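In what follows, every heavy atom counts, from backbone to side chain, and hydrogens, waters and symmetry copies are set aside. This structure is a prediction, so every number in the text was calculated from the model and none was measured.
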Amino acid sequence: MRRRELPKAYDPAAIEDRWAEYWVRERLFDVKTPKAGADERAFTVLLPPPNVTGNLHMGHMFEHTEADILVRWHRMRGELTLWVPGTDHAGIATQMLVERQLTSEGTSRQALGREAFVERVWQWRAHYGGAILASMKRIGDTVDWSREYFTMDENLSHAVREAFVRLYEQGLIYRGAYIVNWCPRCQTAISDLEVTHEEQQGKLWEIRYPVVGAPGDFLTVATTRPETMLGDVAVAVNPLDERFRRLIGKTLRLPLVGREIPVIADEWVKSDFGTGAVKVTPAHDANDFAMGQRHNLPAIAVMDETAHMNAEAGVYAGLDRYEARKRILEDLEAQGLLAAARDYVNAIGKCARCATVVEPRLSTQWFIAVNKQATPGGPTIASLAIDAVKPDAEGRRAIRITPENNEKVYLEWMTNLYDWCISRQLWWGHRIPAWHCATCKQISVAREDPARCAHCGSAQITQETDVLDTWFSSGLLPVTVFGWPPADGKPTADLTAFYPTSLQLTGFDILFFWVARMIMLGCWFMQELPLADGSRRTLRDIVPFREVHIHALVRDADRQKMSKTKGNVIDPVAIVQKYGTDAVRFTLASMASPGTDIAFNEARTEGYRAFANKIWNAARFIFMNVERAREAGISVDRSMLGHMPSVPPYAPIEARWIAARASSVASQVNAALGEYRFHEAANLVYQFFWGDFCDWYLEIVKLRLDFSDTADKAYTREALTTLLQTFETALRLLSPIMPFITEELWHALYESHGGAPSAQSIALSRYPQGVAQTNDAVEGDFALLQELIVAVRGLRKDLGVEEKLAVPIRVHAPTSGLPFAGNLEIIQRLARVSGIEAVDALPEGAATRATPQFDVQVVYEKKIDTAAERERLTKELTRYEQEQERAQRQLGNEAFLAKAPAAVVEGLRKRAAELVVLIEKTRRALEELG
RNA sequence: GGGCGGUUAGCUCAGCUGGUUAGAGCGCCUGCCUUACAAGCAGGAGGUCGCAGGUUCGAGCCCUGCACUGCCCA
């Protein structure tokens, strides 16, 4: 046997790296694909792939902590558990960073050219891409590293291309000129989701448009964007608006430009907004574009892709959009056409990536038709994605979204979905597999790079320069990581074993970006693929996951969203270095109440570092005693370890009590984890370990660990056995939340018993399963014992008894069967009592603590602080009396007696009876004080 | 403008389907370096549960309105 000395204070840095490295090196969490037909229940989770550009931030760490707790828990429950890691190429985000780097080197993407630039991004990714994966290893994520992927890996790229071609062939991908959100800095289209709206103090300008043929007559329009007026093709008013009826059909002269434009009527125009007349600029506003289509109007673009005015803008050409605005307003003013400039708060859209103000822009893009049927009467991509989540007639769902209110949000979004713009004018990403023919102008979309146009056979073809939206490839991940598309039309072994995955954890912010797209694409492609036995898939088999759990967002201590610009980003690595991974994980778990955001505050982490230290020291105490036992020739058989404490009925009260507690806590923790109530699970274990095990059980068990020559060795061994079993159980119970310290101590525990543990890691051991029904009798007895000890401690304090001094006590207990007589030594030790006298009546005049079951006095010559004692008693009396009043009012209420459940009435009766006793005792104590 | 959350002790948060005395950690006060732990131990103070109505035998919890606050969508 090896003697093992643990340092006095827990130092996470001394153990965490070692175990993190061990878990990865030993490949403990790699999962082999089960053979077809194997009836193994799998718990599968797909990690939301972090961007290759990223460093681990607190939000990641929180998400990973929740995922890892669940994954470890399921694994320890004996399920085949697979957590798949990977990274996302994150098109726009990564390209932006590399461009920034190029700028700092005095060059640019354009100077490099497409090929060299993409090569450069690959280099960049090789250099920085591993950062987050390294952090994941460091915080103990038990993913299957053998399955790690990158969204631009060859096989995934192949799958992306296949998906695109299929959708194109099904007529669900089309190309067209539409208004899209355009970022003038990134110079690409971005999806609606990539635009964030911000309220901003702006102006609403009113501009007079002269009526042609009616000198002095004007129609005044209101706009927040005067620079776009150069592209106006009409002015619209509401057809019901009496004020403008006379002008409908008339022609206006567009100021500064001189073009004649019609006045049109459109119901979309709100009469109460601005002047009731709006200018129509189809090339620069989404609503105007729609109006333009309705009224068959041309679209005149007046800006280029960098948001500078183009040739159409005449004298303003070349100006930046804001400079143009300034000049246009000045010119209008000079011509007397600027009627008003009012303060106005409007929401402006900014690029989510670079915060540049987005410019709605007319351009040709690729779209997925989400509401189009591929076959007559068949589903649409959106309808399938709705059916997947919507409860059926029996209230069953193919995908369950929790917390539940998110289901409504999802369905609302999916129901009002527009076609998804999937093209991006970037260089980094999956290039769209379409070729434009210079000869016939048609498009060829193909699985293999074509040499000739599919329509006219011309060799004059060039590939589309756009790439796909990053979310197109990540939306396919649940199928692609398991080998889709299969070469033989049959599901791969991985798809059969792991699809649908069990759970998708995610933040609310990417519910639409990613989760919705996975549902859309996953359902769409899997509906075509039969099951392994050749049968057709049902809705339940085509969804990408059975359940979605939306976790909270991590904010800073002031509830602010963390962002680099605000500089309030908490670096988890720094916190981890300061307090240890376990403490940070525990903090996050303990605050992870579903549905509410987390304000991360370090003070909590400090508290949980103390918890780790507490565990550490409990372990030191235990190992010290194992050593003492060994020297005394007492040993616990190693086979006793690895399961719940099993305690015979004749065992001392603390052994029976802690065993009952361990079982009930284990049962509650399992229940809590099953409902994503991480905070509850964490608090339960915390309370059990610190409050029950350390504060009470360990203090009492010291009495039993007698290693002297005269000791009853069998008795000592039994106590030691229970101690070790309980501790080992507690370690397993805690291990999903605090994997490092528990791993360390678990191994140390087995080593102290001369060998290796039953598994290579505590993470591969079994999770404690308790029973909810507990040993009421022993818990009740123990509670009384605790009550007595706490009462005596309180009295000692009131009387000013020195801490070290043991004093005698008197106990009066009218009912028999109180668990005091048999547990004298416990009371003596924990309450520092020298002797206990059971009396029929307590002498008057001495300070007394009264409970419904017993009264107790401390025998001590020093007088109590009468004033303080009177205050305490008076307060207590008031509380009792108020409670009694409430209780009696209730019990005197016929309706209450008739309608309330019997248990509630019975409980209240019992309490009322207790209150009578307590009030009587407290009154007498007050009288005795004088 | 539409929708969704939050408001409980000085601070950060629990409180699951309404039911006996609303909990925890931190902080605060008092006393202890008690041989596992001062990152500790023991005792204690501290709350009209945002406001106003309502439903109910009974409301922190359900309903209505209001205030403040955060988020999402337009």
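- Here, B/U12 and B/C72 have their C1' atoms 25 Å apart, quoted to the whole Å.
- If A/Arg879 and A/Asn683 are placed on RNA chain B by their nearest nucleotide, the residue sitting closer to the 5' end is A/Asn683.
- Between the P atom of B/C41 and the NZ atom of A/Lys702 lies a distance of 11 Å, rounded to the nearest Å.
- Spacing of C1' atoms, B/G23 relative to B/G60, comes out at 12 Å, to the nearest Å.
- Ranking B/A42, B/C4, B/G58 by closeness to the A/Gln890 side chain, first place goes to B/G58.
- Computed from coordinates, the A/Asp798 CG to B/C29 P distance equals 20 Å when rounded to whole Å.
- Proximity note for A/Glu803 (side chain, C-beta onward) versus B/G40, B/C32, B/G19: the nearest is B/C32.
- Distances shorter than 4.0 Å separate some side-chain N or O of A/His679 from OP1 or OP2 on B/G15.
- Of the candidates B/G40, B/G15, B/C57, the closest approach to any side-chain atom of A/Ala610 belongs to B/G40.
- Side chain of A/Arg849 to backbone of A/Val792: no donor-acceptor contact under 3.5 angstrom is found.
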Exercise for review: Could you please spell out the steps behind the side-chain contact (heavy atoms from CB on, under 4.5 Å) verdict for A/Thr587 and A/Tyr579?
Suggested key: CA-CA 11 Å; A/Thr587 307; A/Tyr579 300 102; over 6 Å; no
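- Between A/Glu869 and A/Arg872, at least one side-chain N (NZ, or NE/NH1/NH2) sits under 4.0 Å from a carboxylate O, which counts as a salt bridge.
- For A/Lys804, the listed nucleotide lying nearest its side chain is B/U34; candidates were B/G3, B/C57, B/U34.
- Within 4.0 Å of A/Tyr10, counting heavy atoms only, lies at least one base atom of the nucleic acid.
- To the nearest whole angstrom, the two P atoms, one in B/A14 and one in B/G6, are 10 Å apart.
- Across all strands, A/Lys875 comes closer than 4.0 Å only to sugar-phosphate atoms, never to a base (heavy-atom distances).
- In this structure, A/Arg872 places its CZ atom 13 Å from P of B/G46, rounding to the nearest Å.
- On the C1' atoms, B/C28 is 8 Å away from B/G10, given to the nearest whole Å.
- Contacts of A/Arg886 with the nucleic acid, taken as non-hydrogen atoms under 4.0 Å apart, involve only primed sugar atoms and P, OP1 or OP2.
- Residue contacts for A/Ile622: at a heavy-atom cut-off of 4.0 Å it reaches no nucleic acid atom on any strand shown.
- Here the nucleotide nearest the side chain of A/Pro901, chosen from B/A39, B/U21, B/G19, is B/G19.
- Residue-to-nucleotide contacts include no donor-acceptor pair under 3.5 Å from the side chain of A/Glu680 to the base of B/A24.
- Straight-line distance between the C1' atoms of B/C66 and B/A22: roughly 26 Å, to the nearest whole Å.
- Remark: the A/Lys797 side chain and the B/U30 base include a donor-acceptor N/O pair separated by less than 3.5 Å.
- The nearest whole Å value for the distance from the CZ atom in A/Arg620 to the P atom in B/U35 is 13 Å.
- Look at A/Arg832 and A/Glu803 and you find no salt bridge, because none of the NZ, NE, NH1 or NH2 atoms lies under 4.0 Å from a carboxylate O.
- Counting atom types as modelled, A/Lys8 pairs no side-chain N or O with a base atom of B/C37 as donor and acceptor under 3.5 Å.
- Aromatic ring pairs are classed by plane angle as parallel below 30°, tilted from 30° to 60° and perpendicular above 60°; the pair A/Phe727 and A/Phe689 is perpendicular.
- Salt bridge A/Arg886/A/Glu883: absent, no basic N to carboxylate O contact under 4.0 Å.
- With rounding to whole Å, A/Glu627 atom CD is found 15 Å from B/A36 atom P.
- Within the 4.0 angstrom heavy-atom criterion, no nucleotide atom of any strand lies near A/Val409.
- Within 6.0 Å of CD in A/Glu404 there are 12 or fewer heavy atoms belonging to other residues, nucleotides or ligands.
- Ionic pairing of A/Arg630 and A/Glu627 is present here: one or more N-O contacts between side-chain nitrogen and carboxylate oxygen are shorter than 4.0 angstrom.
- The nucleotide whose nearest atom lies closest to any side-chain atom of A/Val790 is, among B/G43, B/C57, B/C13, B/G43.
- For the pair A/Lys578 and A/Glu602, the salt-bridge criterion is met [side-chain N within less than 4.0 Å of a carboxylate O].
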Check your understanding: Given Watson-Crick or G-U pairs with both distances under 3.5 Å, what dot-bracket string fits RNA chain B, with | for other-strand pairs and [ ] for crossing?
Key -> (((((((..((((.....[...)))).(((((.......))))).....(((((..]....)))))))))))).
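- The residue A/Asp695 sits close only to the backbone: its heavy atoms come under 4.0 Å of sugar-phosphate atoms, none of a base.
- Residue A/Arg911 places none of its side-chain N or O atoms closer than 4.0 Å to OP1 or OP2 of B/G19.
- Considering only side-chain atoms of A/Glu883, the nucleotide from B/U20, B/A42, B/A36 that sits closest is B/U20.
- Distance from the side chain of A/Phe896 is smallest to B/C57 among B/C57, B/C72, B/C37.
- Results of the salt bridge (Lys or Arg N to Asp or Glu O under 4.0 Å) test with A/Glu654 over A/Arg661, A/Arg704, A/Lys702, A/Arg829 single out A/Arg704 as the only residue that passes.
- Annotation: B/A59 and B/A52 have their C1' atoms spaced 15 Å apart (nearest Å).
- Straight-line distance between the C1' atoms of B/C16 and B/C61: roughly 11 Å, to the nearest whole Å.
- For the pair A/Leu795 CG and B/G43 C1', the interatomic distance rounds to 11 Å; values are reported in whole Å.
- Nucleotides B/G25 and B/G40 place their C1' atoms 16 Å apart, quoted to the nearest Å.
- With distances taken from any side-chain atom of A/Trp690 to the nucleotides B/G15, B/C41, B/A36, the minimum falls on B/C41.
- Residue A/Arg609 places its side chain closer to B/A39 than to any other of B/A39, B/G19, B/C41.
- In this structure, the side chain of A/Gln884 does not engage the main chain of A/Ala912 through any donor-acceptor pair within 3.5 Å.
- Nearer the 5' end of RNA chain B, as judged by each residue's closest nucleotide, is the contact made by A/Arg793, out of A/Leu897 and A/Arg793.
- When heavy atoms are screened at a 4.0 angstrom cut-off, A/Lys408 is found touching the sugar-phosphate backbone but no base atom.
- Separating the CG atom of A/Asn893 from the C1' atom of B/U56 is a distance of 11 Å, rounded to the nearest angstrom.
- At the heavy-atom level, A/Asn613 lies under 4.0 Å from base atoms of the strands shown.
- Summarising the geometry, the separation between CD1 on A/Ile550 and P on B/C72 is reported as 14 Å, rounded to the nearest angstrom.
- Nucleic acid contact class of A/Glu699 (heavy atoms, under 4.0 Å, all strands): base.
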